[in-house]
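Here is the structure we will look at.
For this chain, numbers begin at 1 and follow the sequence in order. Just so it is clear, the model here is predicted, and its values are computed rather than measured.
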Amino acid sequence: MATGHTDPRRRERILAATLDLIADEGVAGVSHRKIAARAGVPLGSMTYHFSGIDDLLREAFRHFTDHIVALFDAHLAPPADRDQARAAVADLVHELSEGSRRDLVLTQELYTLAARRPAYRELTQEWMARSRAHLEKHFDPGTARQLDALIEGLTLHRALSPAPHDRALTLEAVTRVTTAGGQGR
């Protein structure tokens, strides 16, 4: 195996292996030994790069939240007006719900940790604030907060449903939340 000097991406491989392991086995299945084996690194690399399993989990989930926020940015940076932003939000819901099962599982694993442990709650609050910042480019802060929750709920419902709702229903929900008084179009 390569040394740290010839393996500059070792830390990133460890983080990716951690997320893959969480997606496959849940947080309860995570151990330094399993991660090192999956990442193809010596076990000692784990403590060299991370102070402990909690440090590793927080960094891995931070890496994951960066990925999701980048999706928000990709969808919400281009729209020039409110109607385009509504369509972009609907597209985002469908991309998230039809995309990687890994991302869906990782999201739920992070939420479960956040419900139990304050350090992860802080991480999810940072994530939500970053997501809302993208929504606030097009909508007021209160509406952005509602939209953020709507995105999470619709994504989960679509991803887990045997017959997910169509894009028209998603766009209708987004339009209702983003129209004054919630009266629809």
Tell me which donor-acceptor pairs under 3.5 Å the side chains of residues 39-47 have, and how far apart each pair is, sequence neighbours excluded?
| residue | atom | partner | partner atom | Å |
| --- | --- | --- | --- | --- |
| Ser45 | OG | Arg10 | NH1 | 3.0 |
| Ser45 | OG | Pro42 | O | 3.4 |
| Thr47 | OG1 | Gly44 | O | 3.3 |

key: Heavy-atom check, side chain of Arg158 versus side chain of Thr170, under 4.5 Å   = yes

query = What are the two closest non-hydrogen atoms of Ala23 and Val105, and how far apart are they?
reply = O-CG1, 3.7 Å

inquiry  = Looking at Glu126 and Arg130, is any side-chain nitrogen of the basic one under 4.0 Å from a carboxylate oxygen of the acidic one?
reply    = no

ask   = Between Phe64 and Thr107, is any pair of side-chain heavy atoms under 4.5 Å apart?
value = yes

Contact list for residues 103-118, test salt bridge (charged side-chain N to carboxylate O under 4.0 Å, His left out), sequence neighbours left out = Asp54-Arg117

task = With sequence neighbours left out, write down each residue that passes salt bridge (charged side-chain N to carboxylate O under 4.0 Å, His left out) with Glu152, or none if nothing qualifies.
result = none

Check: Ala16 main-chain N/O paired with His63 side-chain donor or acceptor under 3.5 Å = no

task = List, by chain and number, the other hydrophobic cluster members for Leu104, where Ile, Leu, Val, Met, Phe, Trp and Tyr join if side-chain heavy atoms come within less than 4.5 Å, directly or indirectly.
result = Leu156, Leu160

task = List the atom of Ala85, the atom of Pro79, and the distance in Å for their closest heavy-atom pair.
result = N-CB, 3.6 Å

ask   = What residues form a side chain to side chain donor-acceptor pair (under 3.5 Å) with Thr155, not counting sequence neighbours?
value = none

message = Tell me which pairs pass salt bridge (charged side-chain N to carboxylate O under 4.0 Å, His left out) where either residue lies in residues 17-27, with sequence neighbours left out.
response = Asp20-Arg102, Asp24-Arg38, Glu25-Lys34

ask   = Does a salt bridge link Asp140 with Arg145, judged by any charged N lying under 4.0 Å from a carboxylate O?
value = no

